[in-house]
Trainee: 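Structure below; questions to follow.
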Amino acid sequence: MAIALHRRQRIFGMMLSFVIAGAMSHRKPVNDFIFSHLVDSLKDTFLSLAKISAPNLVLWSDSDQVLGVTCADQFCEQIEGAKAIILPAVGHLPMLEEPALTARVLGEFWQARTAVV
């Protein structure tokens, strides 16, 4: 959790690690499989982004240490019409660190898309 959460969430990260440690240890074989194949699939995924035509919100965090904030630019360059919102002082897990803000941003995006249709 040390790299997944913003540094101001250290206590939350320690508590979360303690709570999910048992579940995560049971998932180790699955996680090992997923992460060992992740790099192989990234090229195909990246090349497929330009085919996306649905409205897209690229929600990222400026303190994400797992996938740097510059990834948001890459997504927006590949997906026509994608809109990026960068959350300040949030790590890799905005839905856990800032659930109200994350919900508000998503809700506003969905509301704007509903108004267009």
Trainee: For a quick test of reading the model, state the closest non-hydrogen atom pair linking Ala82 to Val58 and the distance between them.
Mentor: CB-CG2, 4.1 Å

Trainee: To the nearest 0.5 angstrom, please state how far the NZ atom of Lys51 sits from the OG atom of Ser53.
Mentor: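 Output value for this atom pair is 12.0 Å.
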
Trainee: If I take atom CE from residue Met95 and atom CG from residue Leu59, how far apart are they, to the nearest 0.5 angstrom?
Mentor: 9.5 Å

Trainee: Does the side chain of Val105 come within less than 4.5 Å of Leu57's, by heavy atoms?
Mentor: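 In short, these two side chains touch, coming nearer than 4.5 Å.
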
Trainee: Hey, could you give me the CG/CD1 distance between Asp62 and Ile86, rounded to the nearest 0.5 Å?
Mentor: 8.0 Å

Trainee: For Pro55, give me all partners under side chain to side chain contact (heavy atoms under 4.5 Å, CB included), at least two apart in sequence or on another chain.
Mentor: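 With neighbours one apart ignored, the set is Phe109, Arg113.
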
Trainee: Any side-chain to backbone donor/acceptor pair from Asp64 onto Val69? Under 3.5 Å, distance only.
Mentor: no

Trainee: Look up atom CD in Glu98 and atom CZ in Arg104, then write down how far apart they are to the nearest 0.5 Å.
Mentor: 10.5 Å

Trainee: Please give me the minimum heavy-atom distance between Glu97 and His92, naming the atom from each residue.
Mentor: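 Heavy atoms only, the tightest pair is OE2-N, 3.7 Å.
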
Trainee: Taking CD in Glu80 as the centre, count heavy atoms belonging to other residues, nucleotides or ligands within less than 6.0 Å. Is the count above 12?
Mentor: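 Open: at most 12 neighbouring heavy atoms sit under 6.0 Å from CD of Glu80.
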
Trainee: Rounded to the nearest 0.5 Å, what's the gap from CD on Gln78 to CD1 on Ile52? Could you check?
Mentor: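 Separation between the atoms: 10.0 Å.
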
Trainee: Please check this pair: side chain of Ser61 against backbone of Pro94, looking for a donor-acceptor N/O pair closer than 3.5 Å.
Mentor: no

Trainee: Could you measure the distance from the CG atom of Leu101 to the CG atom of Leu106? Nearest 0.5 Å is fine.
Mentor: 9.5 Å

Trainee: Are the side chain of Trp60 and the backbone N or O of Asp73 linked by a donor-acceptor pair below 3.5 Å?
Mentor: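 The answer is no, because no donor-acceptor pair under 3.5 Å joins these two groups.
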
